[in-house]
Q: 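Quick one: this structure, given as structure tokens, is what I'll be asking you about.
Reminder, nothing fancy here: chain letters follow the sequence lines and each chain counts from 1. Only a predicted model underlies this, so the values are computations on that prediction, with no experimental measurement involved.
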Number of protein chains: 2
Amino acid sequence: MAATIRDVAKLSDVSVATVSRVINQISTVNPETQKRVKKAMEQLKYEPNLVAQGLASKKTQTIALILPNISNPFFSDIVRAVEDVAQSNGFTVILCNSDGLVSKEQSYIEVLRKKYIDGIVFASNTLRIEDIEQLKKDNISLVVLDYSSTMESCSIIRAKNREGARMAVSHLLEIGCKKIAHIYGPIGDQTAKNRLEGYEEMVHSFSWYSPTLLVPGHFTINGGFEATKMLLEKHPDVDGIFAGNDLMAVGVLKALHQMGKKIPEDLAVCGFDGIYLTEITQPELTTIAQPIYELGEKAAKILINKINGLLEEDNVYELDVTLIKRDSTIKAH
Amino acid sequence: MAATIRDVAKLSDVSVATVSRVINQISTVNPETQKRVKKAMEQLKYEPNLVAQGLASKKTQTIALILPNISNPFFSDIVRAVEDVAQSNGFTVILCNSDGLVSKEQSYIEVLRKKYIDGIVFASNTLRIEDIEQLKKDNISLVVLDYSSTMESCSIIRAKNREGARMAVSHLLEIGCKKIAHIYGPIGDQTAKNRLEGYEEMVHSFSWYSPTLLVPGHFTINGGFEATKMLLEKHPDVDGIFAGNDLMAVGVLKALHQMGKKIPEDLAVCGFDGIYLTEITQPELTTIAQPIYELGEKAAKILINKINGLLEEDNVYELDVTLIKRDSTIKAH
DNA sequence: ATGAAAGCGCTAACAG
DNA sequence: CTGTTAGCGCTTTCAT
């Protein structure tokens, strides 16, 4: 049906090798010949078969993005960024929801390998060292997003989590909070851990500090909701809450509303991430904003550079976060 | 490096054809032989090369999902559903953000074709008849989501938009609204149009009705915000607003808050879609919920059935919507 | 039930 | 600068 490289070769009276050369823009082709070949390609409406190219070259112009769950707005922004970069570089992206399950990730990685995928952006904290090694062996490039690890044998992009947490607490102190609690994310998640550590560093020397001011919220809205109820039962005098991410902060708000608390008068709330949800709550949420799109963008760019052989060493990139003050900590005027 | 079908053939002392047969579970293989081949595959840790399979069979076990923008929470739920179904059927999904631009869609379709993709779930209203025909010719299956068209030459999954709109208005009337406005989505978008029509059918015979109660909101939060300001300037006595989607309803809420209106006492608000955002606003939003996950799930299932040749005719599936009453229309006493 | 062999459409030495 | 040719790893007639 569709024209093949052979048809083009025949029509332009050259060998398939030469046609292949002009397809792949290999310089050593006579301009004259090139013109002839190009004309033939147009005439025949020739389009290279990407699958055949992939089989022969072991490069498929495809990358994968593995993340816990696309429904999380943080990740959907990441996806958008990665896809944009991929698209403008001639790459296609395969999306994989792992739900944070190692088993799911495992099986994804397996089929991705069988598909000759060129690289993976891994947006999850669950990646294991063995996997990294395996991918290296298979010549599949890897960039990890939002990953905290002491040993780095691959490129990592992340935001300054610990520093952000300190900024959050510092802000709450500044506006006059006398007892600040923290709702933290999943244990085992390094990002959650770093934010918790930032909080602890800021508060551990205060006389009011107690480890019972730490409550788990699982990085979900409902987790934040439940955590708040539990927290206020034990510490009715808390007047500031730093939630480890925005989703939990939303849950905090819901709980406080339900309990009839005034925000920020009775209690100030600060989240982390900077997803757009923080703008639609009432009051709007103060948050430590990560440059979400930039995180995804940078990850994709680095990955593609690696794939194209333009980048050798593995680096760790830490992007800055910024405090966005809103009504959940400061009453407008 | 990795074992190929030939290695397996050699080790199990059969031809590659036979190995291929056991890989593809073709029945005509002697159980004895089959066992031998399978043992060899295990020994060699053989894994079929999907790219090679694709080239030879023109089937890649890959589908694509084209949608306007993953950042829209409605679509991220759709993605999740499609990916889940694909995953559990051995398919991989390529994600494409079109921004609703025909040009982008066009270029995506082109590369998808070159990649021997098996099928496409198209979640957008911008698909053109020519494209449908072209895909058919290329033997690429197609299922369209949330698409309204009089002529159907492909399978379509959508919710009952017109009926949902009528339910929304009907509910607002029941709770006592005396003058109901509608904020509608992009003109040209059939879904937006159907919802608008549902509204009109319900209100056109009332004496208070006027076409100026219709305001455009572009299906965005900000659009809903601006529309509300405009609307209340012209019609300060409006006491009910039906927003064409939840995003706009959120914008409505923001605007009303800013104007100091009480909800639902001064003004009741109803959205459409049933995204989870409606649960985090204050007050929570009444909405006409579509079965979002089910929409995506059904689309993916039908697509895969088509690909596997289990489905012939093209049908239109209209899923039911449900009214979810919340505080934006009824004060929980 | 199984094997031989001809592709699928392209890339990449190697030779000239 | 260009052509020949041998794959890439698998599927699929067509025989047997």
Q: How would you list, by chain and number, every residue that makes a side-chain contact (heavy atoms from CB on, under 4.5 Å) with B/Lys298, sequence neighbours excluded?
A: B/Ile157, B/Ile302, B/Tyr317, B/Leu319

Q: Sequence neighbours left out, what passes side-chain contact (heavy atoms from CB on, under 4.5 Å) with A/Asn139? Give chain and number order.
A: A/Lys59

Q: Give every residue pair that meets the salt bridge (charged side-chain N to carboxylate O under 4.0 Å, His left out) criterion with at least one member in residues 14-24 of chain B, sequence neighbours excluded.
A: none

Q: Holding to side-chain contact (heavy atoms from CB on, under 4.5 Å), I want the full list of residues that pass it with B/Lys35, two or more places apart in sequence or in another chain.
A: none

Q: Over how many whole Å does the gap from B/Asp13 atom CG to C/dG3 atom P extend?
A: 8 Å

Q: In chain order, what residues pass the side-chain contact (heavy atoms from CB on, under 4.5 Å) check against B/Ala52, with sequence neighbours excluded?
A: A/Leu55, B/Asn49

Q: Over how many whole Å does the gap from A/Lys10 atom NZ to C/dG9 atom C1' extend?
A: 13 Å

Q: Of all the heavy-atom pairs spanning A/Ile140 and A/Ile117, show the shortest one and how long it is.
A: CG1-O, 3.8 Å

Q: Could you state the CD-P distance from A/Gln61 to C/dT11, rounded to the nearest angstrom?
A: 11 Å

Q: Would you work out how much the helix from C/dA1-D/dT16 to C/dG16-D/dC1 bends between its ends, with each end axis defined by five base pairs, to 10 degrees?
A: 30°

Q: Only pairs under 3.5 Å count here: list side-chain donor-acceptor contacts from residues 7-19 of chain A, not counting sequence neighbours, and write none if there are none.
A:
{"from": "A/Asp7", "atom 1": "OD2", "to": "A/Thr4", "atom 2": "N", "distance (Å)": "2.8"}
{"from": "A/Ser12", "atom 1": "OG", "to": "A/Val8", "atom 2": "O", "distance (Å)": "2.6"}
{"from": "A/Ser15", "atom 1": "OG", "to": "A/Ala17", "atom 2": "N", "distance (Å)": "3.4"}
{"from": "A/Ser15", "atom 1": "OG", "to": "A/Thr18", "atom 2": "N", "distance (Å)": "3.3"}
{"from": "A/Ser15", "atom 1": "OG", "to": "A/Thr18", "atom 2": "OG1", "distance (Å)": "3.4"}

Q: Scan the side chains in residues 86-93 of chain B for donor-acceptor partners under 3.5 Å anywhere in the protein, sequence neighbours excluded, and list what turns up.
A:
{"from": "B/Ser88", "atom 1": "OG", "to": "B/Asp84", "atom 2": "O", "distance (Å)": "3.3"}
{"from": "B/Ser88", "atom 1": "OG", "to": "B/Val85", "atom 2": "O", "distance (Å)": "3.2"}
{"from": "B/Asn89", "atom 1": "ND2", "to": "B/Val85", "atom 2": "O", "distance (Å)": "2.7"}

Q: Which letters describe nucleotides 8-16 of chain D, given B = protein heavy atom under 4.0 Å from base, S = only from sugar-phosphate, - = neither?
A: BBBBBB---

